[in-house]
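Written below as structure tokens is the structure these notes are about.
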Amino acid sequence: HAKRQGRNMYRCYDPSMSETTERRMLLEGELRRALSNNQLTLHYQPRVHALKRHIIGAEALLRWKHPILGDVSPVEFIPLMEELGLIHEVGAWVLEQACQQLRKWHQLGHEELLVSINYSAVQFRDTRLAAEIQEVIQRIGVTPDKVEVELTESAIMEDAGQTESTLIQLKSLGLRIAVDDFGTGYSSLGYLRRFPLDTLKIDRTFIRDLPNNADDCSLTAAIIAMAESLNLSVVAEGVEYEAQAAFLIEKRCDEFQGFLFSRPVEADVFLALVESQIV
Ligand code: C2E
Ligand code: MG
Ligand code: MG
Ligand code: MG
């Protein structure tokens, strides 16, 4: 929705144009201080086993709470962080926090939990990224195969050379690799066999109108079948209704993530969810 609104706002120039520019400049100034002022946090959204419904792990999602502006969506501030060159520093902080959190959960006995961390195309252009991730994982001492790196399909296609080499390095360290927002990027599927992938996350725009929209049903079923034959695990994003879950189970989807199970929550709330389930 935010993207759609943004586009409309650019179209009507006069007063709203300057409002857009004003908000942008305001956010830019505040964003530079967000990390040092402790305004950034991570929330964790459960990833749930489709059939057994137990929590497999969490996706770490960045949150920015400004004392006056309130909550600003990552859809709005991540692109700004990229333009301002803040994304590398913030990305390093996200990685550190998520790995520390994962180690705590593992130490509490939840050793099977995995955490997935989002990376943008800009972050993947950094040739030192794999070395940075290796340093953090080894220093904190988390099991690499319990850490999944999420990269959007469009980011994977953007700078194939550097992306491929980083993905290969990460894979050789033992990390898991997920394609985020699958189905919204490019139509070329060649990268699916070229890159060392573990997981496809079907974009929630395909899930939204299941099981009523016949085209979405066909596309989703085809994506799940393709993932299965390529030995990739498949996650449906944005599952909000039981009818969607039922359709996806019938098509043999592996995992769900969505408001039906939980919104993204603070780390201690996530832990409480994990500990409240009958395992
Ligand atoms: P994403 O990686 O595709 O994350 C999933 C988004 O879908 C999250 O939005 C989540 O809150 C939302 N979502 C989950 N379940 C449902 C549902 O059932 N219904 C609906 N309507 N939405 C659902 P969020 O947290 O606003 O994040 C938006 C995007 O911002 C993420 O999309 C990701 O691309 C980016 N992002 C978030 N954290 C980070 C980060 O640490 N680093 C980077 N580079 N990007 C991040
Ligand atoms: Mg993601
Ligand atoms: Mg996604
Ligand atoms: Mg998305």
Side-chain angles (χ1 to χ4, degrees), residues 1-6 31 34-35 39-48 57-65 70-99 101 114-126 129 132-133 136 147-156 158 163 166 176-185 198-210 223 234-245 248 255-267 270:
H1 283 285
K3 263 186 202 151
R4 210 172 295 155
Q5 272 172 9
L31 206 46
L35 188 56
Q39 292 165 1
L40 299 182
T41 52
L42 286 184
H43 279 190
Y44 296 89
Q45 186 176 34
R47 285 172 58 166
V48 176
E59 176 173 8
L61 292 158
L62 193 54
R63 295 291 177 260
W64 177 25
K65 197 183 189 69
D71 292 316
V72 185
S73 165
V75 176
E76 188 173 16
F77 72 73
I78 298 272
L80 271 180
M81 282 178 169
E82 294 179 343
E83 283 172 44
L84 297 172
L86 299 170
I87 195 70
H88 299 289
E89 191 188 348
V90 172
W93 180 86
V94 168
L95 174 68
E96 180 83 24
Q97 293 294 309
C99 289
Q101 200 58 70
L114 73 88
V115 76
S116 58
I117 303 174
N118 291 286
Y119 283 91
S120 69
V122 173
Q123 291 173 279
F124 252 73
R125 263 180 239 137
D126 182 354
L129 183 65
E132 176 193 316
I133 293 177
V136 172
V147 179
E148 187 161 89
V149 164
E150 292 192 12
L151 192 57
T152 61
E153 188 178 37
S154 39
I156 286 184
E158 204 168 285
T163 304
T166 302
R176 297 175 56 87
I177 315 286
V179 181
D180 203 354
D181 301 347
F182 184 80
T184 61
D198 299 280
T199 304
L200 293 188
K201 301 188 77 171
I202 307 175
D203 191 72
R204 69 177 135 98
T205 53
F206 293 96
I207 308 301
R208 190 182 52 215
D209 299 326
L210 298 180
I223 293 171
V234 59
V235 182
E237 297 190 304
V239 178
E240 297 185 0
Y241 305 104
E242 287 293 351
Q244 295 166 329
L248 290 160
E255 277 182 58
F256 299 145
Q257 197 182 320
F259 297 168
L260 177 61
F261 306 96
S262 172
R263 290 183 175 256
V265 292
E266 287 172 24
F270 175 79

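Whatever order the structure lists them in is the order used to number ligands and atoms, beginning at 1.
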Counting from 1 in the order shown, the ligand 1 atoms closer than 4.0 Å to a non-hydrogen atom of Val239 are 18 (O)
Atom name of the N, O or S atom of Glu150 nearest to the Mg ion (ligand 2) is OE1
Check: of Ile117, Leu61, Asn118, min heavy-atom distance to atom 4 (O) of ligand 1 comes from Leu61
Within 4.0 Å of some non-hydrogen atom of Gln45, the atoms of ligand 1 are 14 (C), 15 (N)
Evaluate Leu260 for polar contact with ligand 1, using N/O atom pairs at a separation under 3.5 Å.
no
Working for side-chain hydrogen bond (donor to acceptor under 3.5 Å, both in side chains), residues Ser116 and Glu150: CA-CA 6 Å; Ser116 58; Glu150 292 192 12; 2.9 Å; yes
Ligand 1 to Ile78, heavy atom cutoff 4.0 Å, flagged ligand atoms 39 (C), 42 (N), 43 (C), 45 (N), 46 (C)
Under 3.5 Å, is there a donor-acceptor pair linking the side chains of Glu237 and Gln257?
no
- Measure from the side-chain N and O atoms of Gln45 to the backbone N and O of Ser262, and report whether any donor-acceptor pair falls under 3.5 Å. yes
- Counting backbone and side-chain atoms alike, does Glu237 have an N/O/S atom under 2.8 Å from the Mg ion (ligand 3)? yes
Ligand 1 to Gln123, heavy atom cutoff 4.0 Å, flagged ligand atoms 44 (N)
Distance check below 2.8 Å: does Asp181 bring an N, O or S atom to the Mg ion (ligand 3)?
yes
| message | With respect to the Mg ion (ligand 2), please indicate if Asn118 possesses an N, O or S atom at a distance under 2.8 Å. | response | yes
Counting heavy atoms under 4.0 Å, the part of His43 that contacts ligand 1 is neither
Walk me through whether Glu82 and Ser120 qualify under side-chain hydrogen bond (donor to acceptor under 3.5 Å, both in side chains).
CA-CA 9 Å; Glu82 294 179 343; Ser120 69; 2.6 Å; yes
Rounding to 0.5 Å, atoms CG (Leu35) and CG (Leu86) come to a distance of 8.5 Å
For Asp180, the N, O or S atom at the shortest distance from the Mg ion (ligand 3) is OD1
Quick check: do Phe124 and Leu129 have side-chain heavy atoms less than 4.5 Å from each other? yes
